[in-house]
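Step one of this worksheet: look at the structure below.
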Amino acid sequence: MHKLILFASGTGTNAAAIMDWCKATGNASVALVVCNKEGAGVLDIAAKNNIPTLLINRESFRSADFVETLKGYGPSLLVLAGFLWKVPEAVVQAFPGKIINIHPALLPAYGGKGMYGHHVHEAVIAAGERSSGITIHYVNEHYDEGDIIVQAHCPVLPGDTPGALAKRIHKLEHYFFPHTIGYLLANV
Ligand code: GAR
């Protein structure tokens, strides 16, 4: 069975959607959740699903041991689901074409360092955009610049708050992220 390693440091709703999809389809299992934030909601979600977690700091993230630990799980894909640190070159090179990220906007717009979560939605609304969406893309050495796999759009409605837009974006993410993972596992 395909194994996934999730990298997540937020509330973990995308991680939960991926875990649910794994259970429902039996196509993959989540072998490990890597997290850089103590107390992050995703750690509780992993615990409830009996999935091991690895809490990292900047130093351990960049160590050669870390790459070896990841390799030890034999993952088919490394999935960034609300993970904000730039992935070290050594990790990118160890898993060519096997690391994907989800971004809550239509890249290349509203991407790059500092553009995450509510910051993205605030910027989209402030710019008067009429639509936004999600981007699922391969990870390379630069923030949000790897080749795009899938984008899905949604409207930005008059009077939208960042919170309202975030909800609409999360719905897209929870559907398209697991399904894109399924596509990649079956076809790549
Ligand atoms: C998601 O909306 C994801 O697109 C975003 O963080 C959120 C995590 O939510 N990622 C980025 O902004 C990356 N630049 P979650 O913890 O509920 O899955």
Side-chain angles (χ1 to χ4, degrees), residues 4-23 28 30 32-49 51 53-56 58 61 77-88 91-92 99-127 129 131-156 160-181 184:
L4 307 175
I5 295 182
L6 304 187
F7 287 64
S9 293
T11 49
T13 64
N14 278 286
I18 293 166
M19 290 172 197
D20 289 348
W21 174 86
C22 285
K23 277 188 257 172
V30 178
L32 178 71
V33 171
V34 177
C35 178
N36 63 32
K37 205 167 155 200
E38 239 174 287
V42 69
L43 295 172
D44 294 333
I45 291 170
K48 273 187 202 128
N49 286 276
I51 293 167
T53 55
L54 179 65
L55 206 55
I56 53 162
R58 299 238 178 226
F61 190 37
L77 280 179
L78 274 54
V79 178
L80 276 56
F83 186 78
L84 307 182
W85 287 357
K86 195 165 139 183
V87 177
V91 176
V92 174
I99 315 177
I100 63 171
N101 177 48
I102 192 159
H103 186 78
L106 299 170
L107 292 174
Y110 305 102
K113 197 166 172 20
M115 270 296 175
Y116 62 87
H118 66 98
H119 297 292
V120 175
H121 308 311
E122 278 163 18
V124 166
I125 290 171
E129 299 286 1
S131 70
S132 188
I134 63 166
T135 303
I136 299 169
H137 64 95
Y138 288 108
V139 169
N140 64 14
E141 290 86 349
H142 307 284
Y143 271 115
D144 299 333
E145 286 184 16
D147 287 345
I148 290 173
I149 304 161
V150 159
Q151 291 190 309
H153 296 236
C154 67
V156 178
D160 255 354
T161 59
L165 180 55
K167 259 192 190 165
R168 205 170 301 124
I169 294 280
H170 262 126
K171 273 195 189 160
L172 286 182
E173 293 188 328
H174 297 163
Y175 179 81
F176 284 102
F177 208 10
H179 286 86
T180 301
I181 290 168
L184 291 174

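Atoms within each ligand, like the ligands themselves, are counted from 1 in listed order.
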Nearest protein heavy atom to [atom], by residue and atom, and its distance?
atom: atom 17 (O) of ligand 1; result: Thr13 OG1, 2.5 Å
atom: atom 11 (C) of ligand 1; result: Pro104 CD, 3.5 Å
atom: atom 8 (C) of ligand 1; result: Gly82 CA, 3.7 Å

If every non-hydrogen atom of [X] is compared with every non-hydrogen atom of [Y], which pair is closest and at what distance?
X: Ile169; Y: His121; value: CG1-CE1, 3.7 Å
X: Leu43; Y: Cys35; value: CD2-CB, 3.8 Å
X: Val150; Y: Thr180; value: CG2-OG1, 3.9 Å

Considering only heavy atoms of [X], which atoms of ligand 1 have at least one such atom less than 4.0 Å away?
X: Gly12; result: 15 (P), 16 (O), 17 (O), 18 (O)
X: Gly117; result: 12 (O)
X: Glu173; result: 1 (C), 2 (O), 3 (C), 4 (O)
X: His170; result: 2 (O), 9 (O), 15 (P), 17 (O)
X: Gly10; result: 16 (O)
X: Met115; result: 14 (N)

Checklist entry - Any N or O of His103 that comes nearer than 3.5 Å to an N or O of ligand 1? => result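 For ligand 1, there is an N or O atom that lies under 3.5 Å from one belonging to His103.
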Item to check | Over 12 foreign heavy atoms within 6.0 Å of OH, Tyr116 | outcome: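 Count not over threshold, so no.
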Can you tell me if [X] contacts ligand 1 (heavy atom of the residue under 4.0 Å from the ligand)?
X: His119; result: no
X: Thr11; result: yes
X: Ile169; result: no

Next on the checklist: Determine whether a donor-acceptor pair (N or O, by modelled atom type, separation under 3.5 Å) exists between the side chain of Asp144 and the backbone of Gly112.
Outcome noted: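 The answer is yes, because a donor-acceptor pair under 3.5 Å joins these two groups.
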Interatomic distance, [X] atom [atom1] to [Y] atom [atom2] [nearest 0.5 angstrom]:
X: Asn14; Y: Glu173; atom1: CG; atom2: CD; value: 4.5 Å
X: His103; Y: Leu80; atom1: NE2; atom2: CG; value: 12.5 Å
X: Ile149; Y: Tyr138; atom1: CD1; atom2: OH; value: 4.5 Å

Item to check | Ring centre gap for His179 and Phe176 strictly below 6.0 Å | outcome: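 Not close enough - the centres of the two rings lie 6.0 Å or further apart.
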